[in-house]
Amino acid sequence: MGLLTYMSIRDEIKARIDDERLSLLRPVFESDPVVRTMVISNDIKALIEGPWADVSWERRCNRLRADLEAFVTGDVLPVCLTPYEADSAYLGRLNKAEDEVWDIRARDPSPALRVFGRFAEKDTFIALFWSPRSVEIPYSQRFPLGPRDSIQWKDAIRECKAEWRKLFHTYNPVHGDTPDVYVSNTFLV
Amino acid sequence: MSTYQTHFLSEIRSGEPIPEGKLAYLRERTKNRIYNYILKRFLQKESEEGFTRADLARRIGRRPEVITRILGAPGNWTLDTVSDLLVGICAEELEPCSTPLLDRLPRNYVGPDWIILTAGTPVPPVVTGSTSALVGVTLCPPN
């Protein structure tokens, strides 16, 4: 009888890190607590590690890095599960909720950015790509997302699902009805 | 200390002008830390005493929806906002203190057990122009 090998999504994540398609986001300061896990694509890694085309963009991307590290270091995170109602929340689930596509909303300073991804398990976010929210950014391959239900939003959600499938095949992201299914230490917006 | 942290701290340690990107990173950290602190105080008060956003709004003369927006993200909190929130939430005021950036001791835990970077899997450094980004990896011995 053959030996069955059970692969979990953790094994897949580890394999993607080993083959350098994904990386573990580590805080710059090794003294920072590591409470949650963020695994980033090469797209996100390039964004936050540079090099950057100019100082203004370098400043913006370094701020984003600090915001992503806030997830890792266990900060209280404002979360919204209802599409279109995230407003000022750090993390928002996008429409349709059952697609389980989320964005990390780095609204300040301008230009606002969105980091798209999905949860592999509780407190483990896979950050797949980023997009400018409203202002065109010369260093982005993507157009700003624009108004809700724009083609850019639909494309971003589709791309997130496609990128997930490329990395994790048939494994599904986390699905739930309350924030604690996804992330510890949240503030419901 | 990882090469990345060493690189990040190089100008801070040497006394040279600190690159704007690093200043921006530290500014965002400061903003996030203050926000995290105040949000924790609010959640603690909410949990222990049933203190609500409406209560806070009433105490500091803001509309409840404004409180929701303020608490939802650090945004551009001013020192006035910080002061109002602290006194409104817990009758306290900010007491400034700071900690050195240099020579902080690294923590033992750097990530979940199931993500282990095996020895012999180096990450090559990326150095370009005046904005260099060294990626350092702490290699763990194999099990």
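Note that this is a predicted model, so its numbers are computed, not measured. Note that these values count all heavy atoms, side chains included, but never hydrogens, waters or copies made by symmetry. Per chain, numbering begins at 1; letters A, B, ... match sequence-line order.
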Undergrad: Identify the heavy atoms of B:A24 and A:R63 that sit nearest to each other, and give their distance.
TA: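 In this case the closest contact between B:A24 and A:R63 is O-CG, 3.6 Å.
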Undergrad: Of the backbone (N, CA, C, O) and the side chain (C-beta and beyond), which part of B:L101 lies under 4.5 Å from a heavy atom of chain A, both, or neither?
TA: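 Interface part for B:L101: both.
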Undergrad: Around atom CD of A:E98, are there more than 12 heavy atoms of other residues, nucleotides or ligands at under 6.0 Å?
TA: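 Yes - once you tally the heavy atoms of other residues, nucleotides and ligands closer than 6.0 Å, there are more than 12.
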Undergrad: Could you check which of B:R33, B:K31, B:K40, B:E46 has the highest count of heavy-atom pairs closer than 4.5 Å to chain A?
TA: B:K31
Undergrad: What's the spacing between A:F187 CZ and B:L43 CG if we round to 0.5 Å?
TA: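 Rounded to the nearest 0.5 Å, the CZ-CG separation comes out at 6.0 Å.
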Undergrad: Quick check on A:D87 against chain B: is it the side chain, the backbone, both or neither that has a heavy atom closer than 4.5 Å?
TA: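 Interface part for A:D87: side chain.
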Undergrad: Tell me the closest heavy-atom pair linking A:P78 and B:G72, and the distance in Å.
TA: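 Smallest interatomic distance, heavy atoms only, reads CG-O, 2.9 Å.
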Undergrad: So which part of B:Y37 gets closer than 4.5 Å to some heavy atom of chain A, the side chain, the backbone, both or neither?
TA: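 Neither part.
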Undergrad: A:P33, A:C61, A:C80: which one forms the most heavy-atom pairs within less than 4.5 Å of chain B?
TA: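 Most pairs with chain B among the choices: A:P33.
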Undergrad: Counting only heavy atoms not in A:E136, do more than 12 fall under 6.0 Å of its CD?
TA: no
Undergrad: Looking at residues at least two apart in the chain, or sitting in another chain, which of them share a salt bridge (charged side-chain N to carboxylate O under 4.0 Å, His left out) with A:D43?
TA: A:R142
Undergrad: Do you know which of B:N36, B:T68, B:L105 has the most heavy-atom pairs under 4.5 Å to chain A?
TA: B:N36
Undergrad: A:F29 ring centre to B:R104 NZ or CZ under 6.0 Å, with the angle to the axis within 45°?
TA: yes
Undergrad: Side chain, backbone, both or neither: which part of A:D123 has an atom under 4.5 Å from a heavy atom of chain B?
TA: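 Contact with chain B is absent: no heavy atom of A:D123 under 4.5 Å.
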Undergrad: Atom CD1 in B:I115, atom OG1 in A:T37: separation rounded to 0.5 Å?
TA: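 So the CD1 of B:I115 and the OG1 of A:T37 are separated by 5.5 Å.
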Undergrad: Would you say that B:Y25 contacts A:E69 through its side chain, given a criterion of any heavy-atom pair below 4.5 Å between the two side chains?
TA: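 Yes - at least one pair of side-chain heavy atoms lies under 4.5 Å apart.
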Undergrad: Does CZ in A:F143 sit with more than 12 non-hydrogen atoms of other residues, nucleotides or ligands closer than 6.0 Å?
TA: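 At most 12 heavy atoms, drawn from other residues, nucleotides or ligands, come within 6.0 Å of this atom.
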Undergrad: Apply salt bridge (Lys or Arg N to Asp or Glu O under 4.0 Å) to the pair B:R29 and A:D32, showing each step before the final yes or no.
TA: CA-CA 11 Å; B:R29 271 173 71 94; A:D32 282 354; 2.6 Å; yes
Undergrad: Side-chain donor-acceptor pair under 3.5 Å between B:N32 and A:D67, yes or no?
TA: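 Yes - a donor-acceptor pair under 3.5 Å links their side chains.
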Undergrad: Less than 4.5 Å to any heavy atom of chain B: does that hold for the side chain of A:V76, its backbone, both, or neither?
TA: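 Answer is both: backbone and side chain atoms of A:V76 are under 4.5 Å from chain B.
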Undergrad: Please tell me if the side chains of A:E58 and B:E20 come closer than 4.5 Å, counting only heavy atoms from C-beta onward.
TA: no
Undergrad: Heavy-atom distances under 4.5 Å only: say whether B:Y109 touches chain A with side chain, backbone, both or neither.
TA: both
Undergrad: Indicate the atoms forming the closest heavy-atom contact of B:W114 with A:K14, along with that distance.
TA: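 Taking B:W114 first and A:K14 second, the nearest heavy atoms are O-CD, 3.9 Å.
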Undergrad: Using heavy-atom distances under 4.5 Å, tell me whether B:R27 contacts chain A through its side chain, its backbone, both, or neither.
TA: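 Contact with chain A is through both the backbone and side chain of B:R27.
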Undergrad: Please determine whether the number of non-hydrogen atoms from other residues, nucleotides or ligands lying under 6.0 Å from atom CG of A:D19 exceeds 12.
TA: yes
Undergrad: Counting only non-hydrogen atoms closer than 4.5 Å, does A:S23 touch chain B with its backbone (N, CA, C, O), its side chain (CB onward), both, or neither?
TA: neither
Undergrad: At a heavy-atom separation under 4.5 Å, does A:A89 approach chain B through its side chain, its backbone, both, or neither?
TA: backbone
Undergrad: Which pair of heavy atoms, one from A:S88 and one from B:A73, lies closest together, and at what distance?
TA: O-CB, 3.0 Å
Undergrad: With only heavy atoms counted, which part of B:L71 is less than 4.5 Å from chain A, the side chain, the backbone, both or neither?
TA: both
Undergrad: Is the shortest heavy-atom distance from the side chain of B:P74 to the side chain of A:Y90 under 4.5 Å?
TA: no
Undergrad: Distance from B:R107 atom CZ to A:E30 atom CD, nearest 0.5 Å?
TA: 12.0 Å
Undergrad: If you tally heavy-atom pairs under 4.5 Å against chain B, which of A:V79, A:N185, A:D75 wins?
TA: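 Result: the option with the highest number of such pairs is A:D75.
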Undergrad: Is B:V110 close to A:R26 at the side-chain level, that is, under 4.5 Å between some pair of heavy atoms?
TA: yes
